[in-house]
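These notes are about the structure you will find just below.
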Amino acid sequence: MGNRGRVAERRKTNPAVLGGMIAVVVGGAGFGAYALFGGGAVADSRAQSTSASADDKGKDVKTGPLSATEVTAAARRFLTAWQQGEVTEAAAATDDTPAARTLLTGYTKDAHIKDVTLTAGTRTGDKVPFSVKGTVSYKGTTKPLGYESSLTVVRRAEDGKPLVEWHSAIVHPDLKDGDTLVTGESGTPPVKALDRDGGELTAEEYPSLGSVLDGLREKYGEKAGGKAGVELQVVRGKESQKAELSDKTLLELSEGTPGTVKTTLSPALQAAAEKQVAAKSRASVVVLRPSTGEILAVANSSHGFNTAFQGSLAPGSTMKVITSSLLIEKGLASADKQHPCPKYFTYGGWKFQNDDKFEIKGGTFKASFARSCNTAFISQAPELDNDSLTQEAQQVFGLSLNNWSVGIPTFDGSVPVQSQAQMAASLIGQGGVRMNPLNMASVSATIKTGTFKQPYLVAPTVDNRTLATASRSLSASALSQVRELMAYTAAYGTAAEAMSGVTGDVGAKTGSAEVDGQKKPNGWFTAYRNDLAAAGVVQAGGHGGDTAGPIVAELLKLGG
């Protein structure tokens with residue numbers, strides 16, 4: 001909500017359907033009396049709670065899984081009190097009374113939501129979904145509000161009492177813990193975002209751009225000359241701000257006058273990127289122009305968070321583009337010279353291995369890169385300083401400095417200084433290294449042009465921003481060799497199948513990143529073709545050549 005101070009939230013609500021029970025409103029004034037059928041007598045949760053606590057005195061604390069009755073009763077207790085506007089009682093029905101009281105209070109007071117009806121759905125285990133219908137009213141302007149949410153019931157350890165596990169998302173699914181809901185005159189005017197050809201960009205046409213448009217509004221709303229309207233917004237708290245999440249408009253009561261912001265997005269590539277990620281689960285992709293740094297497309301399967309720009313994920317073997325640059329510069333590898341690729345290599349107490357434990361006997365470094373041999377890189381760890389990879393990423397590729405100015409919030413990659421096994425793991429994109437598709441598209445773009453050009457979504461001339469730069473470029477010899485590695489991989493290595501049919505000056509690298517608790521690795525792919533560079537990730541998808549590869553290749557074909 002732009003300049004507006006963060007305020008608390010409050011909510012009121014009406015009866016609920018819990019499992020097979022039906023809540024029927026029979027009173028007026030927004031919080032009427034009601035009858036619950038199927039669960040016994042008319043509910044008086046306060047009396048029931050008092051009686052239960054009296055009966056339980058002196059008994060052993062109940063443990064173990066919650067029964068269906070316990071889940072239903074706890075959910076009913078919370079929803080009933082919330083709907084009736086009894087904030088103190090509703091908050092007491094959760095496992096975090098202070099936080100619940102603050103948010104539920106602000107639901108009415110600051111979000112100006114009234115006449116709320118809650119309807120609970122069918123319980124699944126300890127989880128109860130419910131729908132919310134209400135009215136947002138502010139200074140004579142009124143609009144209906146409706147959405148779906150859910151709650152989970154847990155057993156409190158100290159006394160065994162079933163309570164609603166408190167999270168702000170119960171109040172509204174777009175809320176993160178610490179966020180609030182506020183209705184009022186928006187502190188930030190709306191913006192009309194345009195593509196590079198002058199056409200309007202909307203979230204309806206391009207679903208991935210919802211968070212992008214929010215970010216553009218927050219940064220350029222006032223600068224673009226618009227006038228604020230009246231809206232119900234999610235105002236981000238400290239933790240959300242740390243994650244660089246923008247305030248989010250949930251309901252527009254009266255329109256403001258938008259200012260205009262032109263972006264670098266290509267309508268054709270954006271539409272194609274949306275289509276490509278929609279066919280995969282948890283996929284993200286970025287396309288940019290290496291010669292300028294202009295971002296031509298950004299898309300995510302999931303539209304709530306811009307993983308393509310703000311994700312923080314281990315990039316797996318796509319990191320070997322940077323590591324290869326480092327090894328070649330230090331004289332530890334050369335494209336056409338023999339290079340070790342054993343089945344195993346132990347460093348820092350960890351035993352590293354290749355996929356399917358393969359080895360390449362008497363092979364070149366180019367062969368190891370093309371087949372993505374982990375040990376070819378890990379074996380060079382003893383020759384490197386702890387900060388060698390960090391310096392290469394920062395000085396040549398402009399990463400891990402937290403200084404990009406793209407036009408909306410981004411995560412600029414992280415290559416921390418590490419030691420022993422963690423340092424070795426970083427060489428193959430594991431350990432503490434974290435990237436997103438924007439970062440890895442930029443890596444390919446840097447190899448294509450030979451010089452880091454910071455990606456941007458809005459031209460720096462719009463607001464006189466200073467773009468980030470790298471302190472140096474690769475030597476001509478090192479650059480030529482890395483291009484040779486990527487071209488060979490696109491033609492004959494792990495990227496060959498995906499890049500089949502992609503013509504011109506091309507290069508690519510695949511990657512798979514293991515994630516704790518995840519059966520399949522995240523699949524990565526970064527590549528360039530002529531004056532296009534792109535990178536993508538499919539989380540929990542498997543090998544990058546099979547998952548992210550086809551997405552990136554199709555976009556390079558279209559735009560090349």
Would a distance-only check, ignoring hydrogens and angles, find a side-chain to backbone donor-acceptor pair under 3.5 Å from Thr318 to Pro315? yes

Polar side-chain atom of Arg236 near backbone of Ser246 as donor-acceptor pair, under 3.5 Å:
yes

*Taking atom types as modelled, find out whether Ser240 and Asp179 have a side-chain donor-acceptor pair closer than 3.5 angstrom.*
yes

Heavy atoms of other groups near Lys275 NZ, more than 12 under 6.0 Å = no

Any donor-acceptor N/O pair, Arg196 side chain to Leu296 backbone, under 3.5 Å: no

Practice prompt. State whether a side-chain donor-acceptor pair under 3.5 Å links Glu231 with Thr249.
Written response: yes

Applying salt bridge (charged side-chain N to carboxylate O under 4.0 Å, His left out) to Glu252 and not counting sequence neighbours gives none

*Aromatic rings His172 and Tyr147: how do their planes relate, parallel, tilted or perpendicular, breaks at 30° and 60°?*
tilted

Is there side-chain contact between Arg123 and Thr72, with at least one heavy-atom pair below 4.5 Å? yes

In residues 201-215, what donor-acceptor pairs under 3.5 Å come from side-chain atoms, sequence neighbours left out?
residue: Thr202; atom: OG1; partner: Glu205; partner atom: N; Å: 3.2
residue: Ser208; atom: OG; partner: Glu274; partner atom: OE1; Å: 3.0
residue: Ser208; atom: OG; partner: Asn300; partner atom: N; Å: 2.9
residue: Ser208; atom: OG; partner: Asn300; partner atom: O; Å: 3.0

By ring-ring contact (aromatic ring centres under 6.0 Å, His included), Phe78 pairs with (sequence neighbours left out) Trp82

| query | Does Gly511 offer a backbone N or O that forms a donor-acceptor pair with the side chain of Ser317 under 3.5 Å? | reply | no

Taking atom types as modelled and ignoring hydrogens, do the side chains of Ser254 and Thr141 form a donor-acceptor contact shorter than 3.5 angstrom?
no

Q) Could you go step by step and tell me if Ser405 and Arg465 meet the side-chain hydrogen bond (donor to acceptor under 3.5 Å, both in side chains) rule? A) CA-CA 7 Å; Ser405 185; Arg465 301 190 323 280; 2.9 Å; yes

Charged N to carboxylate O under 4.0 angstrom, Glu255 versus Lys192?
no

Donor on one side chain, acceptor on other, Ser426 and Gln418, under 3.5 Å:
yes

(request) Determine whether Val277 and Val538 make a side-chain contact, defined as any pair of heavy atoms from C-beta on separated by less than 4.5 Å. (result) no

Problem - Side-chain donor or acceptor of Gln233 paired with backbone N/O of Val235 under 3.5 Å - result: no

